[in-house]
Every structure is written in structure tokens, then in C-alpha cells.
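Numbered from 1 within each chain, the chains take letters A, B, ... in sequence-line order.
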Number of protein chains: 2
Amino acid sequence: MGVKIKDVARAAGVSVTSVSRVLNKSEHISEKLEKKVLRAIEDLNYSPSLIAKSLKRNKTYLIGVIIPDITSNFQAMILSRIEEIAGRRGYNLLVSNIVEDTEKVVKYLNIYQEMRVDGIVLMHEKLNRDIGLFLDKTQIPLVVHADLGMNLSTVIIDDFKAGYDATSYLISQGHRRIAMIAGDKRDLCAGLKRLEGYTVACMDHGIEVNEALIRYGDYKLSSGYRLMSELLRESRGEFTAVFAASDDMAAGAVNCIHDHQLHVPGDLSVIGFDGSQIADIVRPKLTTIKQPVDRISECTVDLLLEIIEANEQSSSTHTMRTIVLEHELVEQGSCRAYEPRRVPSKD
Amino acid sequence: MGVKIKDVARAAGVSVTSVSRVLNKSEHISEKLEKKVLRAIEDLNYSPSLIAKSLKRNKTYLIGVIIPDITSNFQAMILSRIEEIAGRRGYNLLVSNIVEDTEKVVKYLNIYQEMRVDGIVLMHEKLNRDIGLFLDKTQIPLVVHADLGMNLSTVIIDDFKAGYDATSYLISQGHRRIAMIAGDKRDLCAGLKRLEGYTVACMDHGIEVNEALIRYGDYKLSSGYRLMSELLRESRGEFTAVFAASDDMAAGAVNCIHDHQLHVPGDLSVIGFDGSQIADIVRPKLTTIKQPVDRISECTVDLLLEIIEANEQSSSTHTMRTIVLEHELVEQGSCRAYEPRRVPSKD
DNA sequence: CTGAAAGCGCTTACAG
DNA sequence: CTGAAAGCGCTTACAG
């Protein structure tokens, strides 16, 4: 653990400059010299220090990723793809899994800055003063997976429209009394926008929004279960369909409904959001708004690296870009047309 | 993005030494000087370079984590906990999500070495020549979540015994013809050991192992589904229970059974492995071998940091340690006692 | 309590 | 094609 470039140079009988050149294939080097160097590297089991290299080159090949919850299948899928694509392009991921809240986000943003990461991917979508300040002044290339209302590069879907579409779909199936298991309103996209889509879709179809039918969760399965049991306890019979802001919550809702001896979609229709693997695990499989995970991941990495590389050329041009990807409504088994006079039957 | 310690020193009218001392709170410093320095740091929005610091201190506070598949809920839970615990102790995670195989593992191990990470957590449990060589000679503190049969520090459960227990449980419920949806035999613990546990448990109870009832998957839900449909196609009626080497595969098996109009546990009992959230999502909930996720994560970080710190004191003592944690059989709804003469009924 | 200077392990003009 | 030397941004004996 102590062999450095100088040792290799000595062993090979050449200068450190030459060793460095062999390592980086940066200039033409005689075959003889190269062979000697490679030999010495092998003999000494030399591993060049990326730390020293980073310091000198002012480039770390590190990307910091801030993700709210890796145990969410949807987020894990995105992270996994980002890792793969970035890795193929020579970048490594520094990952922070912020289970808790906004304070930790600022803490990690600062650490990333001190680590001199080449870029940051931010999947967190709550904003507070400190985060806003940081994002506002940092020079680090950054892609955000949410529309924070700031002048930042983003890769997103249209969460408002997606929420609108999910709700309209239920309405088109004849449902008029629709509950919503929403996310956190402070989440600017997954929380607020999807809820707004729901609200506006209701209004556009002449349906009065009933606040009692809107519940706020944390996207996890357990909160979907809990909120659904609240709904069944407090508002049973007042709704025929549910729109959940995540597949995990939708799955929790489905399980809760089953545990109450009711059927999906016979008694209640449920539509989810994300298109994660959970949607296919639960029975019936969830009808859901599918986010284009692969496209999101690719666009995120592509855009980030584009900004990074542009920055390396001319350090001042910060091109902001917003990429909006299409979502897709996937019909599976958890919704069905509302039948006003249907006699409860065992099928 | 260009202000360095020298600039702070100049702005504060002190030496860089003093700035460094304020930053690191390393020695006593007059209040007056400290105030000037903090002021300058604030004014210039100075962010110290961890890269430079790492080079000098020969310490990066980086832990490299190699994980086969983040989209596995079980692995995500462990990663999430490790991140949390390590973060609390000042370490950051460099994460590689090796979807593919052993080549990539070696590649990332080498990158970690070049990054001079302070330690490595290896969740991968396949071994090839290059990985063996690396593990054999590296000086980097390392904790492996598998028994690779090498002299390495490990945090594991007893996978043989766990496989034995799962199988014995089914046998104790009266099952004699038990299929196994196993992992990859090249996975030394999750693959091989659990399978051996199954085999030996059968033999110990005078049950002949029927190779046709053993299928090999990749731990994912989809392979559980696929293998179960193979079993139902090729060996229907020849088994009354199934042991799957992961909850994901067990969940896939349960869904497959349902899709064949059969019931769990009425027609077939299913036992899973891991105790991940998937076990609670599927209906019926899975009876499963629960791994102590929190304990595994804590012990892994504790052990790794212990080795790291011991190394920093006296660079030679590499204490190998093996920590074996207890698994637990959690009974939920997916198994039931075999009734030889049971008349198929619709309940 | 404070500072000047050497050095961490590399890369890269510059000179030959 | 090859090498000597400066420098990346810090920390830390050493001296005062």
C-alpha cells in the first residue's frame, strides 16, 4: 500500500514523467520504455492514486447522487440504471440515501462540494431555504429530477398531467367519487403536482372535490395501507375508486382492501403511479401511470455529462435545460368500469 | 469554485496554517483569529477540498460498496442501513451495483483501490481467480457478506442451517415431497449453502432428493415465476411444498401458482428467504427465513471501521473476524400442514 | 498562540 | 522520445 509512481520509475530506471505517460497513454513513448514501465508496474503491483490525479487534474469522475429512499423499488431502478450508464462512461457514484429530511440534503450537498464531485443528481424534491441557496450559487453541474421552480436543468415527467390523466381515466370508467392517497405536499412534483392534476381533473368533469377523501402519505406501502384503512373506516361507501401517488401506496391500499374482505376491482378500483415492479407483484396487477425509468436515467446521465463537459471547455456557459418525458397509462387488472346498480356477486 | 485556503488566509490576514487549524479545530487558536478566519470563509464562500486533504492525510472517509442488485428489496434495505450508519460516523459510500458478473466486480475493486477508499464492503458472493487474487493481496480493510472460504472478515448468517431449518419446517408440517427454487450454485452462500441445507434436511428425514424438483434461478421475482411454471408443467402433483432461496422468487412462485388457479397454502405451501418487504406484500404473506437486516448492517459497518481504525494505529495487524448472526423463521400465511386425504374444497 | 516551509502523489508545460 | 521541476490544495512537524 505504499508503492508510488516514484518507486515504479526507479524500478524501471526511467523518470516519473515517463511512467505517468505510460499510465495515461498521453504521448508517444518508445516500446522499449513502455515495456520496462509496465513490467515494473506489474512487479510492484502498483495502483496509481486517483486522489493525487484528481487534485492535479481538477476532475474526480465522481457523481454525487441524492436519493430519498433506495428501498423504494422505483428509485432503486433509476439508481441502478444511472449507475450502469455512468459507469460505462467512466464515472463513479457517491450515493446518499436520505431517509429523513431536508437538513441532511444540505449536509450531503456540501460534502459533495468538498469532495469536488464533477456533478450531482438530485432526486429529492422538497425545497427549503438552505437547499435553495446552495442550488442557487453552486457551480457544480446539476440535474434535478423535479421541477423546483428554479433555473436548473431537470429531467422530469409532467406530474400534473399524469395526475390529471390517472384521474380522468377513472372518471372515463364511470367513477365520480374518487379518493386520493397523495404524497407529501411539500414534494413539489410527486406530492403537489399529482394532487393538483387530480383536483383539476375532478373540477373539469364537474366533480366536487371532497377534502375528506384526500389523504397524505409518504409513498411507502405501509402508509398506503394505513390511509386506506382510514378511508374505509371514515368514508366507506363514499368512493368507488382510489388514485394513489405511488405504486407502493397503491399496493398497500389493495392489500388493505383485501384484508377488509372487499375486492379489487370489484368493489373498488385502484390506480397507482410509477410503473415499478410492485405494480406487477400485487394481485390484481396494478393499472398505473408508468414513468419511463430507462429514459429518465439515460437523459439524466446524458444531460449531466453534457453540462460537465461543456463546463470543462469554457467554464462559464451554464446551459439550463428541461427535458420532459412522456408517461404512459398501463391498464392491468386493478380498475374496472363503475356499475351503479351492480348487485354484489361472488365473481 | 476557485477559492482556496490561501485566498482565505489572505482575506483574513493570517497564515494558511491558521486557517487550516480553524477548519480542523486541531489546536488552540485565539478567538480573535478564529473570528477573522470564519468571517473570511463566510465572505468568500470557501469550501475546503477533501481531495487535497485526503492526499495529505492519506484517508478518504470513503467506503466502497459492491452490491449485486440494488433493485432487490433485501439488498436495498441493507445498503440503506449501511449508508445511514456509516454516514453518521463520517464516511461516505461509493456504490457499485453489479448487475452482471464477476468481471465487473474486479474492475470496481480496482477502482476502489485507486480511489484509496478506506474500506470495502463486498456483498457479491461469487468467486473467480481474479477476485480471489485481489482479495488475497489487498491491504484495504474489507468485510464480506458471505463465506468465500478465504481468510477474510465476514458478517453472515448460517445459510446452511437456514436452508436446513426452512426445509425441516416444511417436513415438520407433514410435507415429504418438497421442491426447491434455488439460487445460483456459484453463489457460495445464498446459492450453494441454502441448497445444501435443503438436501441434508431431506436426507436426515429419510426423504430422497429428487433432482427434477430442484430449479436454479437468479433470486428475482421473474425467475421464481418462470421456474414455478416449469415445475407445474413438468412435475405437477409430485410436490406439496416449495422452498425458495429468496422472497422475491417465493413471491413469483406464489403469483404463478395463483395464475394457475391453485391456492397457497391450500394446494401448495411456499416458504421464502430473506424477510424482505416483499414477504409482506404478497398475499398470503410469506412464511420466510428472516435475515436480521439491521444487525447485519450494523455489524458490517462496526467491524469494517474497527479494522480501519486498528490499521491506522498499527499498520500491520489485520484481525480477521467472522460474525455469524441468527436467522429466524417467521410464520405467516404461506404454509400449512399437509393433509394427505384432503378433498379439494373451494375454501 | 502563530507562521514558513516541506511534502502528500500525481500531471504537464517546458526544454532538450 | 525523454526528463527536471513546478504546482494542484491541503496538513503538520518544527521553530519561535
- Message: Working note: L62(B) + L94(A), criterion side chain to side chain contact (heavy atoms under 4.5 Å, CB included); need CA distance, chi angles, decisive distance, verdict.
- Response: CA-CA 9 Å; L62(B) 241 32; L94(A) 217 49; 3.9 Å; yes
- Could you tell me the separation between the NZ atom of K25(A) and the P atom of dC1(D), rounded to a whole number of Å? 16 Å
- State plainly whether the residues E312(A) and K59(A) are in salt-bridge range, i.e. N to O under 4.0 Å. yes
- Message: Need the pair for dA15(C). Rule: Watson-Crick or G-U wobble, both distances under 3.5 Å, any strand; none if unpaired.
- Response: dT2(D)
May I have the list of side-chain donor-acceptor pairs in residues 38-47 of chain B shorter than 3.5 Å, sequence neighbours left out?
residue : atom : partner : partner atom : Å
S47(B)  : OG   : R116(A) : NH1          : 3.4

- Message: Tell me if a side-chain donor or acceptor on N110(B) pairs with a main-chain N or O of K107(B) at a distance below 3.5 Å.
- Response: no
- Query: Would you say dG3(C) has OP1 or OP2 under 4.0 Å from some side-chain N or O of S18(B)?
  - Reply: yes
- Message: Please give the distance between the C1' atoms of dT12(D) and dG16(D) as a whole number of Å.
- Response: 16 Å
- Task: Please say whether more than 12 non-hydrogen atoms of neighbouring residues, nucleotides or ligands are located less than 6.0 Å from OH in Y61(A).
- Result: no
- Item | Per-nucleotide protein contact string for nucleotides 9-16 of chain D, where B marks a base within reach and S marks sugar-phosphate only (heavy atoms under 4.0 Å, - for neither) | BBBBBB--
Compile the donor-acceptor pairs under 3.5 Å between side chains in residues 73-86 of chain B and protein atoms, sequence neighbours left out, one pair per line.
residue : atom : partner : partner atom : Å
N73(B)  : OD1  : Q277(B) : N            : 3.0
N73(B)  : ND2  : Q277(B) : OE1          : 3.1
Q75(B)  : OE1  : D69(B)  : N            : 2.9
S80(B)  : OG   : N97(A)  : ND2          : 2.6
R81(B)  : NE   : D294(B) : OD1          : 3.1
R81(B)  : NH1  : E84(B)  : OE1          : 3.0
E83(B)  : OE2  : Y108(A) : OH           : 3.2
E84(B)  : OE2  : R88(B)  : NH2          : 3.0

